*Asks:* 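Okay, handing you the structure first.
From a predicted model like this one, the values you see are computed outputs, not experimental measurements.
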Amino acid sequence: MSRTDVTPAMEQYLRFKGEHEDAIVLFRMGDFYETFYEDAKEVSRLLGLTLTSRNSGRSAAKIPMAGVPHHALDTYLSRLIKLGRKVAICEQMEPPQKGKTIVRREVTQVVSPGTALSDNLLDQNRNNYLAGLCILDDRVGVALADLSTGSFRVLERPAKQIWELLEHAGPAEVIAPESWVEENNHRFTTQLPGVFLGKQEDWYFGFAYATQVLQEHFKVSSLKGFGCEDLRAGVCAAGAVLNYLQTNQKGAVSHITGLQHERNDGYMVLDLVTQRNLELITSIQEGQREGTLISVLDNTRCALGARGLRS
């Protein structure tokens, strides 16, 4: 449908949707957050909402529509995030004014499984990781950021270990270059069911750009102090993750104050099959915590301690 065929409000909505194609846009209209088109159909199905419609404007076509009351936003947002969806919240930035056809709106927050901060969206006993990955030649770099704690670490391994690394990290969300996502989307959903996979333009993972993002954020002239200046794939992944967080959190990531290079040369590495068979974190039969080694050892008294023990 051409934008000339829609109302000013729908034209505004379509612009925000174009800027956040991979997110469900909750568009504030008075006392409700409305969704339209395919977003409305998906939200209706996921949340059990009534699917209605509204006039599109000059066209006779009806636009699918589903909404939630503004006072119940946290409840519905929590359900969408736990279902692995990304949500862009578009707020009214001024009250409606007589004689003015359109209210100024802005996307004030983008919430995704890997960037959630609210307590009711998080499992307090484990880190909520956003993972970024980049493959260069025969190496894969993986960066892991937990926005709720400020933890930020990077590692680099042989490319053939990519799936084992991701499964071991257990991220809530993964971002990767668009070209990689197009080639590996099907396998990703098979290997990591329920994990949100987001694509970013390939240039965000360029070494020069990623290095610049990291240096500007940490206010350093070199990454040597973090011990990762030689991790080209790792630096690319870390720069892309930090840029993603800065963009979606409107720059509010000052609590991320360092980047840790995670090495494995001082540890005995257990592959995933061994970890599962030993039932360290989850049981073999039910995939639950009950009956595992950590359930026996965990007498921690706070979320920070529980996360540290699990790590």
*Asks:* Is it true that a side-chain atom of Gln109 and a backbone atom of Ile89 form a donor plus acceptor pair closer than 3.5 Å?
*Replies:* no
*Asks:* For the backbone of Ala66 and the side chain of Thr35, can you confirm whether one donor and one acceptor N or O come within less than 3.5 Å of each other?
*Replies:* yes
*Asks:* Is there a side-chain contact between Met29 and Arg105, using heavy atoms and a 4.5 Å cut-off?
*Replies:* yes
*Asks:* Report the C-alpha distance between Glu42 and Arg85 in whole Å, list the side-chain angles of each, state the deciding distance to 0.1 Å, and finish with yes or no for salt bridge (charged side-chain N to carboxylate O under 4.0 Å, His left out).
*Replies:* CA-CA 10 Å; Glu42 183 175 19; Arg85 299 309 192 272; 2.6 Å; yes
*Asks:* Hey, does Pro158 have a side-chain heavy atom less than 4.5 Å from the side chain of Val140?
*Replies:* no
*Asks:* Does the pair Arg104/Glu106 count as a salt bridge with the N-to-O cut at 4.0 Å?
*Replies:* yes
*Asks:* If we only count heavy atoms from C-beta on, is the Asp22 to Phe196 side-chain gap below 4.5 Å?
*Replies:* yes
*Asks:* Do Val241 and Val195 belong together in a cluster built from hydrophobic side chains that touch within less than 4.5 Å?
*Replies:* no
*Asks:* How long is the gap from CG on Asp39 to NZ on Lys17, to the nearest 0.5 Å?
*Replies:* 3.5 Å
*Asks:* To the closest 0.5 Å, what do you measure between OG1 (Thr50) and CG (Leu47)?
*Replies:* 11.5 Å
*Asks:* So, does Gln200 use its side chain to make a donor-acceptor pair with the main chain of Ala176 at under 3.5 Å?
*Replies:* no
*Asks:* For Val43, does its backbone N or O pair with a side-chain atom of Arg45 as donor and acceptor, under 3.5 Å?
*Replies:* no
*Asks:* Could you tell me whether a side-chain N or O of Asp138 sits under 3.5 Å from a main-chain N or O of Ala159, the two making a donor and an acceptor?
*Replies:* no
*Asks:* By the salt bridge (Lys or Arg N to Asp or Glu O under 4.0 Å) test, which pairs, at least two apart or in different chains, include something from residues 229-241?
*Replies:* none
*Asks:* Looking only at atom types and distance, does a side-chain atom of Asn248 sit under 3.5 Å from a main-chain N or O of Tyr244, one as donor and one as acceptor?
*Replies:* yes
*Asks:* Between atom CG of Leu80 and atom OG of Ser112, what is the distance when rounded to the nearest 0.5 Å?
*Replies:* 12.5 Å
*Asks:* Quick one: OG on Ser254 to NE2 on His217, what's the gap to the nearest 0.5 Å?
*Replies:* 7.5 Å
*Asks:* Under 4.0 Å between a side-chain nitrogen and a carboxylate oxygen: does that hold for Glu34 and Arg28?
*Replies:* no
*Asks:* Please tell me whether Tyr33 and Tyr76 form a close aromatic pair, meaning their ring centres lie under 6.0 Å apart.
*Replies:* no
*Asks:* Transitively linked via ILVMFWY side-chain contacts under 4.5 Å: Met10 with Val107?
*Replies:* yes
*Asks:* When rounded to the nearest 0.5 angstrom, what distance separates CZ in Arg139 from CD in Gln161?
*Replies:* 8.0 Å
*Asks:* For Gln12 and Val103, which heavy atoms make the closest approach, and how far apart are they?
*Replies:* NE2-O, 3.0 Å
*Asks:* Check for a donor-acceptor pair, side chain of Asn128 on one end and backbone N or O of Leu147 on the other, with a separation under 3.5 Å.
*Replies:* no
*Asks:* Looking at Ala116 and Ile81, what are the two nearest heavy atoms and their distance?
*Replies:* CB-CG2, 4.5 Å
*Asks:* Tell me, do Leu197 and Val181 make a side-chain contact under 4.5 Å, heavy atoms counted?
*Replies:* yes
*Asks:* So do the side chains of Leu280 and Thr292 get within less than 4.5 Å of each other, counting heavy atoms only?
*Replies:* no
*Asks:* Tyr13 and Val110: same hydrophobic cluster, using ILVMFWY side-chain contacts below 4.5 Å?
*Replies:* yes
*Asks:* How would you list, by chain and number, every residue that makes a side chain to side chain donor-acceptor pair (under 3.5 Å) with Gln191, sequence neighbours excluded?
*Replies:* none
*Asks:* Taking all heavy atoms of Val235 and all of Cys228, pick out the closest pair and write down the distance.
*Replies:* CG2-O, 3.3 Å
*Asks:* Nearest heavy-atom pair of Gly114 and Glu173: which atoms, and what distance?
*Replies:* N-OE1, 2.8 Å
*Asks:* Should the pair Phe36 and Phe27 be assigned to parallel (<30°), tilted (30 to 60°) or perpendicular (>60°) ring geometry?
*Replies:* perpendicular
*Asks:* With a 4.5 Å cut-off on side-chain heavy atoms, are Leu278 and Leu293 touching?
*Replies:* no
*Asks:* Could you label the plane-to-plane angle of the Trp180 and Phe188 rings as parallel, tilted or perpendicular, counting under 30° as parallel and over 60° as perpendicular?
*Replies:* perpendicular
*Asks:* Can any side-chain N or O of Glu178 pair as donor or acceptor with the backbone N or O of Lys199 at less than 3.5 Å?
*Replies:* no
*Asks:* Write down the atom of Ala143, the atom of Phe152, and the distance for their closest heavy-atom approach.
*Replies:* CB-CE1, 4.2 Å
*Asks:* Donor-acceptor pair, distance only, cut-off 3.5 Å: does the side chain of Ser78 make one with the backbone of Thr75?
*Replies:* no
*Asks:* Spell out, as yes or no, whether a donor-acceptor pair under 3.5 Å connects the side chain of Ser44 to the backbone of Ala40.
*Replies:* no
*Asks:* Does the side chain of Ile102 reach to within under 4.5 Å of the side chain of Glu11, using non-hydrogen atoms?
*Replies:* no
*Asks:* Spell out, yes or no, whether Leu51 and Tyr37 are grouped together once hydrophobic residues are joined by side-chain heavy atoms under 4.5 Å, including indirect joins.
*Replies:* no
*Asks:* Out of curiosity, does Leu223 fall in the hydrophobic cluster containing Leu242 (side-chain heavy atoms, cut-off under 4.5 Å, transitive links)?
*Replies:* yes
*Asks:* Is any side-chain heavy atom of Tyr209 closer than 4.5 Å to one of Asn243?
*Replies:* yes
